[in-house]
J.: 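Input: one structure, supplied below.
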Amino acid sequence: MSSPADNFEASRAEKLHRIEQLGVDPWGGRFDGHTAIRDVLALPADKPDAERPKVRAAGRIVGKRGQGKLFFLDIRDWTTPIRTNEQGQERHALQVMIGQKQVNELSWKLVSNLDLGDLIGVDGSFGKTKMGEPTIFAESLTYLGKSLEPHPDKWAGMQEMEYRLRHRYLDLIYTPDTLDRTLKRIKIIKTIRNHLDGQGFVEVETPVLHAIAGGAAARPFTTHHNTLDIPLFQRIALELHLKRLLVGGIEKVYEIGRVFRNEGISQRHNPEFTMMELYQAYADYRSMMDLTEGLIVACVDALGGGRQLPYGEHTVNFEPPWQRACYVDLFREHVGVDMNDKDAVRAAAPKFKINPQIVVEGKVIGDKDHDVIVHELFEHAVEDKLIGPVFVHDYPAGLCPLTKRQRGNPNIAERFELYVRGMELANAYTELNDPITQEQTFRQQLAGLPEEDSMAKMDEDFIRALRHAMPPAGGLGVGIDRLVMLLTNTTTIRDVILFPLLRPEK
RNA sequence: GAAGGCGUAGCUCAGUCGGUAGAGCAACGGACUUUUAAUCCGUAGGUCGAGGGUUCGAGCCCCUCCGCCUUCACCA
């Protein structure tokens, strides 16, 4: 008894053998001068037979129809547009016609060995068939790779998320949105670089391996260096090194890089994700608002789909200027009480299903801090309403201990978050450059951390850097994955990351 | 971490009341020079996620486990 896989493997092995017997390498080699399928389809297709343009193309076989001495292939490459043909049908491939009399003898012998999933090079002329389908009329074929595995159903495609994630290479071929999103992500990141470079920022690379994982309050991944025999952490933020560079006089600096947080996985969280952080000397959070607006509008424009982008049921209007709203005002508007009125805030909490008491394992062990209740209320009552884009600015100082206070108002932190569709897209501060306050606040934060987070340590070296005077600065952080989600109408982070973390099979 | 859903051929999916495991595509053999989800004739393909239990009999009912999805919780 043979399994279907065995049958399949045996048949492909037999074809490999037959191709080799013809003196043809089934794995191909350098194939110069081929035209992208997008460009082939743009060639004039209505010339008389004798005047058809000569073309060379290469692609993956995604369809084949045999008809005795005439054979049709559908091939696809990474430029292949989705178009509607003269019959009103949607097509996502370029047709190749192989006629026994039109193609050379060796190529005709190869035809019976062609399978869905193979990579093939074609030389021929470009025109239309009697049915009006743009087609390459093949004169010779070149093998560029034989698929030894079956490919997904050509019409149903790939439906199961797990199958798509574990076979992303197939997903890129058979789910058009996957390739489209991937290319858009690349374009967005490139646009960010171009835009920032154009504003005089410089991009740097800072260490991924940290002796102390600082700059955020997240649990890090741990690792170990053998020669030094020390524990190391993968970075959870870019912040502390970039600020050292501010001290060093690099006045406009940014980094786009991977950060790692050893926390939950969800539609909006992957353990490794891409952050962009930038710092600008002698600027503040207001400067960052203008910069953020310009940066994201540049990304929107780069995608070429206009400034109103769909997201789920909504349309988000990225046309500047964007709304700017005070935290206090939004709070009053949606919660209905003044956030500084402690009794009123406490009384309002249950209306939004928030317990103003701290409960551990079913027991009340105390009252939550006022600022904590305020922020929980904000998250439950306000965030979802922020279709935006909207800059929420001037946070309660208690929520942002490491942010510079407003001059003359120590209860307000100079911070904003950019919200779009209820998602936090960017986070910016007027950075604290007073090393004494910074150190005190660090120590207070560390003192409050639970046992399991005891790997968090004071970064003395960073404090020492600040003590040499860091310029006042504005800082901005943008979660690139979430930005791509928003701009490509994608609801899960796993579809904007090519290879999101999955539990290994078996 | 909790609850719910899903897991059947390579892919996409049916499977009724517990009674011999099904279809389309893909594959294999054959016919066919303008097809395009080609058509026609024929063939093969299964650890029903894994393990245990109930039963004369389990894809289906029960238990345990694994994986994925969704919601919630967590989340600078």
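Basis for what follows: all heavy atoms, side chains included, without hydrogens, waters or symmetry-related copies. Order of the sequence lines sets the chain letters (A, B, ...), proteins ahead of strands, with each chain counted from 1. Because the structure is a prediction, the values reported are computed rather than measured.
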J.: Look through every strand shown and name the nucleotide pairing with B:G1 as Watson-Crick or G-U wobble, where both distances are under 3.5 Å.
T.: B:C72
J.: Which whole number of Å gives the distance between the P atom of B:C61 and that of B:G67?
T.: 23 Å
J.: Among B:U33, B:U36, B:U12, which nucleotide has an atom closest to any side-chain atom of A:Thr129?
T.: B:U36
J.: Determine the Euclidean distance between corresponding C1' atoms of B:C41 and B:G53; express it in Å to zero decimal places.
T.: 48 Å
J.: Can you tell which of B:U35, B:C68, B:A76 lies closest to the side chain of A:Arg65?
T.: B:U35
J.: Tell me whether A:Glu414 is salt-bridged to A:Lys404, with the criterion being a basic N under 4.0 Å from an acidic carboxylate O.
T.: no
J.: Is the shortest side-chain N to carboxylate O distance from A:Arg443 to A:Glu460 below 4.0 Å?
T.: yes
J.: Could you identify the nucleotide paired to B:A27, looking across every strand shown and requiring Watson-Crick or G-U wobble geometry with both distances under 3.5 Å?
T.: B:U43
J.: Remember a base hit wins even if backbone is also touched, and classify A:Gln67 as base, sugar-phosphate or nothing at under 4.0 Å, heavy atoms.
T.: base
J.: Between the side chain of A:Ser107 and the main-chain N/O of A:Ser140, is any donor-acceptor distance below 3.5 Å?
T.: no
J.: Work out how far the C1' atom of B:U12 is from that of B:C74, and round it to whole angstrom.
T.: 36 Å
J.: Using the P atom on both, measure B:C17 against B:C6 and round to a whole Å.
T.: 16 Å
J.: My understanding is that a pair needs two contacts under 3.5 Å, Watson-Crick or G-U wobble. By that rule, which nucleotide pairs with B:G59?
T.: none
J.: Roughly how far apart, to the nearest Å, are B:A2 and B:C65 at atom P?
T.: 10 Å
J.: Tell me the interatomic distance from A:Leu116, atom CG, to B:C25, atom C1', rounded to whole angstroms.
T.: 10 Å
J.: Just the rounded figure in Å: distance from P of B:G5 to CE of A:Met161.
T.: 21 Å
J.: From C-beta outward on A:Ala217, which listed nucleotide comes closest to its side chain: B:C11, B:A76, B:U33?
T.: B:A76
J.: Tell me the interatomic distance from A:Asn427, atom CG, to B:C75, atom C1', rounded to whole angstroms.
T.: 13 Å
J.: Counting the atoms with a prime plus P, OP1 and OP2 as sugar-phosphate, which does A:Gly63 contact under 4.0 Å by heavy atoms, base, sugar-phosphate, or nothing?
T.: nothing
J.: Please determine whether any donor N or O and acceptor N or O are separated by less than 3.5 Å between the side chain of A:Arg91 and the base of B:U36.
T.: yes
J.: Using 30° and 60° as the class boundaries, would you call the ring planes of A:Phe416 and A:Phe391 parallel, tilted or perpendicular?
T.: perpendicular
J.: Roughly how many Å apart are B:C28 and B:C69, using the P atom of each and rounding to a whole number?
T.: 34 Å
J.: May I ask you to say what A:Arg12 touches in the nucleic acid, namely base, sugar-phosphate or nothing, with a heavy-atom cut-off under 4.0 Å?
T.: sugar-phosphate
J.: Checking side chain to side chain contact (heavy atoms under 4.5 Å, CB included) against A:His393, which of A:Met289, A:Met288, A:Glu417 comes through?
T.: A:Met289
J.: Which whole number of Å gives the distance between the C1' atom of B:A9 and that of B:U43?
T.: 15 Å
J.: Across all strands shown, which nucleotide pairs with B:C17 by Watson-Crick or G-U wobble geometry, both distances under 3.5 Å?
T.: none
J.: Test for a donor-acceptor pair under 3.5 Å between the base of B:G24 and the side chain of A:Asp153, counting only N and O atoms.
T.: yes
J.: For A:Tyr311, is the NZ or CZ atom of A:Arg421 found under 6.0 angstrom from the centre of its six-membered ring and inside 45 degrees of the ring axis?
T.: no
J.: What does B:G67 pair with, Watson-Crick or G-U, if both distances are under 3.5 Å?
T.: B:C6
J.: Whole Å only: how far is the NE2 atom of A:His269 from the P atom of B:A73?
T.: 12 Å
J.: For the pair A:Arg268 and A:Glu263, find out whether any cationic side-chain nitrogen is under 4.0 Å from an anionic carboxylate oxygen.
T.: no
J.: If the threshold is 4.0 Å, N to carboxylate O, is there a salt bridge linking A:Asp118 and A:Lys64?
T.: no
J.: Does the distance from a Lys or Arg side-chain N to an Asp or Glu carboxylate O, for A:Arg494 and A:Asp481, drop under 4.0 Å?
T.: no
J.: Any base atoms under 4.0 Å from A:Lys15, or only sugar-phosphate, or nothing? Heavy atoms, all strands.
T.: sugar-phosphate
J.: Please report, rounded to the nearest Å, how far the C1' atom of B:A76 is from the CD atom of A:Glu379.
T.: 11 Å
J.: Name the closest nucleotide to the A:Arg166 side chain, picking from B:A27, B:U35, B:C68.
T.: B:C68
J.: Go through B:C69, B:A76, B:U36 for me and flag the one nearest to the A:Glu133 side chain.
T.: B:U36
J.: Which nucleotide, in any strand shown, forms a Watson-Crick or G-U wobble pair with B:U54, with both distances under 3.5 Å?
T.: none
J.: Determine the contact category for A:Glu149: base if any of its heavy atoms lies under 4.0 Å from a base atom, sugar-phosphate if only primed atoms, P, OP1 or OP2 are that close, otherwise nothing.
T.: nothing
J.: Figure out the CZ/C1' separation between A:Arg60 and B:A26, and round it to whole Å.
T.: 16 Å
J.: With distance as the sole criterion, do the side chain of A:Gln95 and the base of B:U35 form a donor-acceptor contact below 3.5 Å?
T.: yes
J.: NA contact type, A:Met131, heavy-atom cut-off 4.0 Å: base, sugar-phosphate, or nothing?
T.: base
J.: Which whole-number value in Å describes the distance from A:Arg268 CZ to B:C72 C1'?
T.: 13 Å
J.: Considering only atom P, compute the distance from B:C48 to B:G10 and round it to an integer number of Å.
T.: 12 Å
J.: Counting the atoms with a prime plus P, OP1 and OP2 as sugar-phosphate, which does A:Gly477 contact under 4.0 Å by heavy atoms, base, sugar-phosphate, or nothing?
T.: nothing
J.: Tell me which nucleotide, if any, is Watson-Crick or G-U wobble paired with B:U34 when both distances must be under 3.5 Å.
T.: none
J.: With a 4.0 Å limit, can you tell me whether A:Ser11 has a side-chain N or O closer than that to the phosphate oxygens OP1/OP2 of B:C28?
T.: yes
J.: For A:Lys128 and for A:Ile265, find the nucleotide of RNA chain B with the closest heavy atom, then tell me which residue's nucleotide is more 5'.
T.: A:Lys128
J.: Run the salt-bridge test on A:Glu424 and A:Arg482 with the 4.0 Å N-O cut-off and return the result as yes or no.
T.: no
J.: Picking from B:U33, B:U12, B:A73, which would you name as closest to the side chain of A:Glu160?
T.: B:U12
J.: Considering heavy-atom distances to RNA chain B, does A:Phe137 or A:Ala156 have its closest nucleotide positioned more toward the 5' end?
T.: A:Ala156
J.: Counting only side-chain nitrogens and oxygens, does A:Lys154 get under 4.0 Å of the OP1 or OP2 atom of B:A38?
T.: yes
J.: From the set B:U34, B:A37, B:A73, return the single nucleotide nearest to any side-chain atom of A:Met97.
T.: B:U34
J.: What is the nucleic acid contact for A:Tyr174, judged by heavy atoms within less than 4.0 Å: base, sugar-phosphate only, or nothing?
T.: nothing
J.: Counting just side-chain N and O atoms, does A:Gln89 come under 4.0 Å of either OP1 or OP2 of B:A37?
T.: yes
J.: Students often get this wrong, so: under 4.0 angstrom with heavy atoms, is A:Gln267 touching a base, only sugar-phosphate, or nothing?
T.: sugar-phosphate
J.: Any side-chain N or O of A:Lys64 under 4.0 Å from OP1/OP2 of B:A27?
T.: yes
J.: How close or far is atom P of B:A14 from atom CD of A:Gln159, stated in whole angstroms?
T.: 11 Å
